[in-house]
Structures are given as structure tokens and as C-alpha cells.
2 protein chains.
Amino acid sequence: MAATLRDVAQRARVSTSTVSRVLNNISTNIPISDETRQRVLQAAHEVGYKPNMAARQLARQQSFDLICVIVPHASPSVLTHPFYMSVVQGIARTCQQQGYAVTLYFADTNTPDSQTRERDYGRILDIPANGIILTTTFRDEQYVPRLLADNIPFVHIGHLSGDSPPATHFVDVDNFLGGRLATEHLLQKGHQDIATITGDLTMPAGQDRLEGYQAAMQQAGLPVHPGWIVPGTFDPDSGYAGMQQLLALSPRPTAVFAASDAMAIGAMQAIQEAGLTIPTDIALVGFDDLPQAAHTTPPLTTVQQPTARLGEIAAELLLAQVTAVPAPPHIILQPHLIIRDST
Amino acid sequence: MAATLRDVAQRARVSTSTVSRVLNNISTNIPISDETRQRVLQAAHEVGYKPNMAARQLARQQSFDLICVIVPHASPSVLTHPFYMSVVQGIARTCQQQGYAVTLYFADTNTPDSQTRERDYGRILDIPANGIILTTTFRDEQYVPRLLADNIPFVHIGHLSGDSPPATHFVDVDNFLGGRLATEHLLQKGHQDIATITGDLTMPAGQDRLEGYQAAMQQAGLPVHPGWIVPGTFDPDSGYAGMQQLLALSPRPTAVFAASDAMAIGAMQAIQEAGLTIPTDIALVGFDDLPQAAHTTPPLTTVQQPTARLGEIAAELLLAQVTAVPAPPHIILQPHLIIRDST
DNA sequence: TATCATATAGCAATCGCTTGCAGTGTAGCG
DNA sequence: CGCTACACTGCAAGCGATTGCTATATGATA
């Protein structure tokens with residue numbers, strides 16, 4: 001229903017060529033009289049002309065390659081965003097280098113009813129993208145089969161839970177290893193009574209980090225007091241609450257592994273409010289290496305995820321798929337420990 | 001040079017229609033023999049076929065509307081990102097609601113030579129966007145005149161320095177007011193010896209916040225000791241360094257207004273390392289209300305910018321422009337003070 | 001007055017893909 | 001054996017904008 005060049009041309013009583021030339025300002029060296037120009041501009045404005053980008057691209061022989069990144073549009077948990085920003089930046093850098101533009105689609109994760117999902121999925125398909133990157137913590141089991149069926153290239157950052165023979169291309173970090181590294185570091189510091197505040201256990205990342213913790217404890221031959229595993233949600237508030245719960249315990253654990261920096265920061269607050277000091281009274285390890293982790297008091301020991309690299313690799317895998325270049329179906333990145341003063 | 005449908009068709013010895021139908025899988029209910037399907041798939045793979053999205057969009061009569069957001073690709077200052085993330089989210093929400101997709105272009109701000117700029121500008125124009133949003137702290141005086149000349153709809157978040165009769169559409173927050181609010185709050189708390197760590201003074205935001213501080217001091221009839229204005233860069237390290245500089249002063253200021261939360265956090269570190277406490281020894285106000293500001297010890301009093309709103313309004317102004325709907329050329333948003341425990 | 005340069009504007013082909021409709025071959029049915 | 005039905009495949013007309021080339025005024029010049 002949108003007005004086309006022809007509509008404008010008819011209204012201005014000129015040809016479409018003329019309209020095109022006017023609207024593109026001074027594209028060629030063909031001169032156009034001021035009077036005609038005004039008439040065209042006027043007409044274009046009157047019919048509310050908006051160029052059809054697809055047609056323009058086609059005619060101009062410009063290529064136009066887009067990668068669509070699906071990110072969660074979660075209003076509350078703002079603190080988790082540096083992760084996405086960094087991943088997106090990694091994706092964008094790689095894509096831009098190869099001449100692809102990147103579009104972000106914020107999918108509604110707050111109301112995960114199937115209707116909303118359906119709407120989001122439709123809108124995503126309306127985006128003329130060559131490929132799609134699904135970001136982590138996206139419980140999109142609903143999307144995956146359809147993308148597969150629709151034959152649309154995509155890769156997933158983070159992998160699906162029960163996806164043992166992985167049908168999809170993905171890149172992920174080894175969260176299990178991360179949890180183990182954090183715990184082993186605490187063990188090396190001589191701690192035995194090590195508690196953990198877990199992430200969202202419905203997500204593989206949360207689950208895997210917990211299992212890493214458990215594996216390290218078990219390997220050290222140490223028992224895990226049942227009260228030492230307190231569930232969190234990755235958010236600072238849950239870290240705060242979880243820590244208060246741990247502080248009430250007796251004997252009190254001497255060290256805590258928080259499955260996210262956000263929770264670690266919340267935990268710090270709780271510890272300091274209780275008049276205890278870090279790391280003397282309680283040692284603390286986080287996970288993520290958020291930018292602010294280096295600027296807490298004391299600076300936080302944490303497990304660093306190569307977030308930008310995650311994005312870069314996701315983009316590389318996807319572009320390989322899009323251009324039919326052989327590439328491994330999935331890659332798992334190793335996190336590593338950043339030792340600061342909280343342990 | 002890319003392979004087209006016709007190339008595939010010739011290779012597979014079928015018509016383009018058949019190829020199209022195969023590649024779109026099961027689009028219509030027209031059946032295709034398995035043998036043909038295989039042959040087509042094979043051929044497509046061999047010539048490395050990649051669909052031309054523009055042509056597809058055009059033929060399918062799908063509209064395809066894009067808004068391009070230019071954001072700085074600054075490797076070092078990761079801490080400033082929550083701002084952009086929030087702004088982008090505001091933009092995306094609004095755009096998506098109106099059926100526009102959003103693409104991010106990370107422009108290189110690290111090497112601001114004109115060659116890089118030129119390359120970036122060209123690439124941006126290659127993106128088939130209906131309009132462009134330039135984010136703040138972008139010193140893009142180079143872009144603006146060209147966008148104007150090329151007749152491309154755009155709005156700027158934050159305004160250009162010497163742009164008194166504003167030629168461009170923009171949305172901004174009142175940084176001057178923000179600086180004044182912060183300082184006045186400190187004055188109300190009874191402080192007289194108030195120092196400030198400024199932002200990057202080459203940016204309007206940095207300059208305006210400083211002027212707000214100065215205005216408040218002057219209005220209170222208080223002198224500003226020359227050493228009390230220490231220059232920073234918005235980054236935490238500069239806050240740390242700036243604070244050390246202030247701590248060495250005697251008499252020492254009793255309150256500090258840091259022109260960004262990031263710097264405030266750096267300053268906190270310096271204060272606590274010096275064995276002083278906040279707010280008893282030194283009161284501290286930040287600017288931005290980063291997510292982590294609520295989780296520092298003590299929680300940081302700060303000036304909140306309506307970042308998401310900034311993005312929303314930028315998008316609204318742009319879409320109005322794109323669709324030729326009348327709208328004000330620019331809007332200025334009011335920041336407000338969030339009082340926590342650091343004052 | 002004839003010729004020619006110049007300024008404007010239009011014609012029509014083209015970009016690569018989709019899709020309604022028509023065409024062909026084969027099998028099944030009476 | 002003739003005819004209908006079905007399974008496939010191809011033809012060709014668009015989709016909306018761009019642009020090289022041609023056509024028409026208009027005035028200047030010889």
C-alpha cells in the first residue's frame with residue numbers, strides 16, 4: 001500500500017526517472033530544473049513516499065547481507081547485559097569485517113507464552129537475514145526445530161540442555177570447568193568449608209557451574225554440607241539473599257563461590273553489612289569478570305569468560321555456514337581464573 | 001559476481017522456478033521429485049549460491065525497514081557500555097513496535113583519522129537503512145553535514161558543541177542541570193569544600209556537567225579552589241587517579257562530585273585504600289546511575305539519566321522524520337537525583 | 001535560416017527472485 | 001483403449017527503483 005515512485009511521478013506529472021533523480025539529490029550530472037524539483041519534492045511529501053529499500057538495493061546492484069542476533073529483552077535483569085554487549089560486539093566486529101551488517105532482535109523473554117513466541121518468530125523471519133545467531137540463556141527449543149526445518153543457517157551461543165547428539169551448531173564456554181577452577185582455587189587457598197550460590201539451575205550455565213563445584217569438592221574428598229548449596233538466579237539480589245542465608249549458618253563457610261559476579265557483588269554487600277571482611281573472614285569467587293569486578297573493594301577474584309571471543313566465533317561459524325565453507329559444528333571455549341584480592 | 005538462481009538452474013538443468021521452490025523447501029504445495037531436489041541442492045552447493053535478499057524481499061512484497069544505530073566501537077572503555085546497551089534497547093523496543101528492524105554499526109572511534117571515518121561512512125551508506133541514529137559522545141561533525149547533504153533522515157543522541165541554532169534533530173539530557181543537582185545536594189548536606197572530577201571536557205556532556213557544578217557553587221556564593229577541579233575521562237581509572245590527587249590536597253575537600261559513576265567507583269577505591277570512609281570523611285556523588293551503583297559499598301548517590309527513554313525518543317523522532325510526520329526537532333530530558341548512602 | 005550546443009525529461013531495460021498458470025508426461029480407471 | 005487425474009516442471013509476468021540512452025525544447029551562433 002505504500003506509495004511508490006510511480007505514484008509520486010504521476011502526481012508530479014513527470015516520469016519516474018525524474019523523480020528518482022530528484023530524490024537522490026544530485027546522483028548524476030543530469031541537471032533538473034528547480035521548478036520540477038520542487039514539484040517532485042512536494043508530491044513525494046504529499047503521498048508520503050518512502051523508498052523501497054529492497055528495490056533500491058536490487059537496482060543499484062548493492063549487496064546487502066545481514067546477520068540477525070536474537071537477544072533477550074528482559075526488563076529486570078539489567079546487570080547481565082555487559083555479557084551480551086560484549087558478545088554482540090564480538091559478533092559485530094567479525095561480521096562487519098566480512099561485509100555483513102548485524103541486526104539485533106530483542107525477543108520477549110518476560111512473557112514466554114507460545115503466542116508471544118510465535119509473533120517473535122514470525123517477525124524474525126520477516127527480517128531478510130542470511131543467518132541467525134541465538135544468544136545464550138535463550139530457552140528456544142521452540143525456535144530450533146523450525147529454523148532447522150526452514151533451512152535457515154543459525155548458530156547458538158550456549159547449547160541446549162538435553163541435546164547430547166548436538167543437532168545444532170553452537171559455541172559455548174566450559175561452565176563446568178569454570179566452576180571447578182573457582183572451587184579448586186579456594187581449595188588451594190586452604191579452604192575446606194566452601195559454599196556456593198548457584199545460578200539459575202534451569203539454565204545449562206547454572207547447572208554446569210554447580211556441577212563443577214561439586215566435582216572439585218568431591219575430588220578433594222570433601223563433604224558438601226547440604227546447606228552450602230543455596231540457589232540463586234544470577235542476579236545481585238539473589239546473591240545478597242543467598243549470602244545472608246549462608247551467614248546465618250553455623251559453622252559458617254569460610255569461602256563462597258558465587259556463580260556470577262552480579263551475585264558475588266550482592267554477596268559482598270551482605271558480608272560487609274554483617275561487619276565481616278573479605279577475604280579474611282570469608283573468601284569470595286565470582287564468575288563472568290564483569291568490568292566492575294576489578295573495581296569492587298576488594299577487587300573480585302573471578303572466572304573470566306571470553307565473551308567477545310564467543311561472539312567472534314559464533315559469527316565465524318555462522319558465516320562459514322552461510323557461505324557453505326566447511327567448519328566445525330561447534331566449539332567450546334575455556335574460561336580462566338582471574339585472581340584478585342577477594343580470596 | 002555472486003551466483004544467482006539462474007546459475008544454479010543451468011547447472012542443475014532445471015528452470016529457476018524449480019530451483020526457487022526447492023530452496024524454499026516446502027513453500028507451496030507443489031510437489032518436487034526427490035531426484036530433482038537433490039540435483040538442485042547439489043548444484044546450489046557447488047556454485048556457492050547465496051540468495052539475494054533484496055530481490056527476494058522485492059519479489060515477496062515484504063517490506064523491510066531498517067534503522068541503523070551508530071555506536072562507538074571503543075575497545076578500552078567497556079565500562080561505559082551499560083549506557084549504550086540501555087539506549088539501544090530503548091531504540092529497539094520502539095522500532096520493533098513499529099515494524100522496523102534495528103541494525104548496529106560499530107564505528108571505529110579509536111583511530112579517528114579521516115580515512116577510517118571515510119570508510120565507516122561509506123559502509124554505513126551501504127546499509128539500506130531508512131534512517132540513522134548517531135549515539136552520543138560521537139564526535140561526528142564529519143558525518144552530519146554529509147548526512148544532511150545526502151538527505152538521509154537521522155537524529156543525534158546528544159548534541160553537537162557549537163551547534164547553537166541546531167541544524168540537526170537530536171535528543172539529549174540536561175547535563176548542566178545534572179551537575180547542578182548533584183552539587184546542590186552536597187551543599188544541602190552542609191558541605192562547602194566540594195571538589196569535582198570532570199568527564200572528558202571535549203565532549204559536551206563533560207563540559208556541561210562541570211558548568212552545572214560551577215553554577216551551583218557560584219550561586220551558593222562559594223569559591224572554587226582551583227585544585228578542586230581535576231580533569232578526568234569518564235573512566236574508572238581516571239576517577240581513581242583524580243581522587244588520589246584530591247586526597248593529597250590540604251585542606252582536603254569534604255565532598256566530591258564525579259561526573260560519571262565509573263569515575264565515582266574508581267574514586268571510592270582510592271578513598272577506601274586511603275583508609276577513609278564514605279560518606280563520613282568524604283561524600284561522593286556520581287553520574288549515570290549504572291546498575292552497579294546500587295551495589296557498591298556504600299551504595300552510590302548519583303544522577304540518573306533516563307537512558308532507555310533517550311533511546312525511545314530518539315527512535316520516535318527518527319521514525320517521525322522517516323514517515324514525514326510532524327515532530328519537534330529536538331527534545332531535552334531531565335535527569336534526576338538518586339539519593340543513596342554515599343552522601 | 002540552418003546548425004549546434006545545452007538543458008531537461010522520458011523510455012525502457014535491468015537487477016534476482018517469486019509465483020500463478022499453463023504444459024507435459026505417466027499412471028490409473030472404466 | 002480413451003480419458004481423467006495427478007505429479008512435476010517451465011514460462012513469463014511482475015516486484016520498485018536505477019540509469020544509459022534517446023528525444024525534445026530552447027537559445028545561441030554562423
Side-chain angles (χ1 to χ4, degrees), chain A residues 1-41 43-44 47-66 125-126 128-130 150-151, chain B residues 1-41 43-44 47-66 125-126 128-130 150-151:
Chain A
M1 295 309 93
T4 72
L5 255 202
R6 222 182 15 244
D7 299 327
V8 178
Q10 279 174 356
R11 200 163 223 289
R13 322 194 119 271
V14 294
S15 70
T16 59
S17 343
T18 303
V19 176
S20 172
R21 291 194 179 105
V22 169
L23 262 25
N24 290 300
N25 225 6
I26 183 161
S27 63
T28 60
N29 53 0
I30 294 182
I32 293 187
S33 70
D34 248 12
E35 193 237 314
T36 308
R37 177 184 305 278
Q38 286 315 319
R39 202 141 39 87
V40 169
L41 254 18
V47 300
Y49 174 72
K50 227 177 55 178
N52 179 316
M53 288 298 166
R56 170 173 295 180
Q57 288 291 115
L58 184 58
R60 284 187 183 165
Q61 290 265 69
Q62 290 173 226
S63 66
F64 129 68
D65 295 318
L66 245 198
L125 288 200
D126 274 348
N130 303 70
D150 288 347
N151 200 19
Chain B
M1 298 311 94
T4 73
L5 255 202
R6 215 170 33 233
D7 299 327
V8 178
Q10 280 173 355
R11 202 163 222 287
R13 321 193 120 272
V14 294
S15 70
T16 59
S17 343
T18 303
V19 176
S20 172
R21 289 198 259 260
V22 168
L23 263 23
N24 291 299
N25 224 8
I26 184 160
S27 62
T28 60
N29 52 0
I30 295 182
I32 292 187
S33 71
D34 247 11
E35 192 238 314
T36 309
R37 178 185 304 280
Q38 288 314 321
R39 202 142 36 87
V40 169
L41 254 18
V47 301
Y49 174 74
K50 227 177 56 178
N52 179 316
M53 288 298 166
R56 170 173 293 179
Q57 288 292 114
L58 184 57
R60 284 187 183 166
Q61 289 266 68
Q62 289 173 227
S63 66
F64 130 67
D65 294 318
L66 245 200
L125 288 200
D126 273 348
N130 302 73
D150 289 347
N151 199 20

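Order of the sequence lines fixes the chain letters, A, B, ..., with proteins taken first and strands second; residue numbering starts at 1 for each chain.
- Residue Asn130(A) contributes atom CG, which lies 15 Å from atom C1' of dC17(C) at whole-angstrom precision.
- Distance check: Lys50(B) NZ to Asn130(A) CG gives 5.5 Å after rounding to the nearest 0.5 Å.
- Every residue two or more places apart in sequence or in another chain that forms a side-chain contact (heavy atoms from CB on, under 4.5 Å) with Ser15(A) is listed here: Ser17(A), Thr18(A).
- Every residue was checked against the side-chain hydrogen bond (donor to acceptor under 3.5 Å, both in side chains) condition with Arg56(A), not counting sequence neighbours, and none meets it.
- Taking side-chain N and O atoms only, Arg56(A) has no distance below 4.0 Å to OP1 or OP2 of dG16(D).
- When the C1' atoms of four end pairs are superposed on the next four at each end of the helix from dT1(C)-dA30(D) to dG30(C)-dC1(D), using five pairs per end, the two resulting axes differ in direction by 60°, to 10°.
- By the side-chain contact (heavy atoms from CB on, under 4.5 Å) test, Ala54(A) pairs with Asn52(A), Gln57(B), Leu58(B), Phe64(B), sequence neighbours left out.
- Residues passing the side-chain hydrogen bond (donor to acceptor under 3.5 Å, both in side chains) test with Ser33(A) are Thr36(A), sequence neighbours excluded.
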ask   = Nucleotide by nucleotide, 5' to 3', does protein get under 4.0 Å of the base (B), only the sugar-phosphate (S), or neither (-) in nucleotides 6-15 of chain D, counting heavy atoms?
value = -SSBBBB-BB
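- Qualifying side-chain hydrogen bond (donor to acceptor under 3.5 Å, both in side chains) partners for Glu35(A), counting only residues two or more places apart in sequence or in other chains: Arg39(A).
- With sequence neighbours left out, the side-chain hydrogen bond (donor to acceptor under 3.5 Å, both in side chains) criterion links Thr16(B) to no other residue.
- Protein atom CD of Gln57(A) is 12 Å distant from nucleotide atom P of dT19(D), rounded to whole Å.
- Residue-level contact check: Phe64(A) touches neither bases nor backbone, having no heavy atom under 4.0 Å from any strand.
- The interatomic distance linking Leu23(B) (CG) with dG16(C) (P) rounds to 16 Å, in whole Å.
- Residue Gln62(A) contributes atom CD, which lies 12 Å from atom C1' of dA17(D) at whole-angstrom precision.
- Scanning for side-chain contact (heavy atoms from CB on, under 4.5 Å) contacts around Gln61(A) gives an empty result, with sequence neighbours left out.
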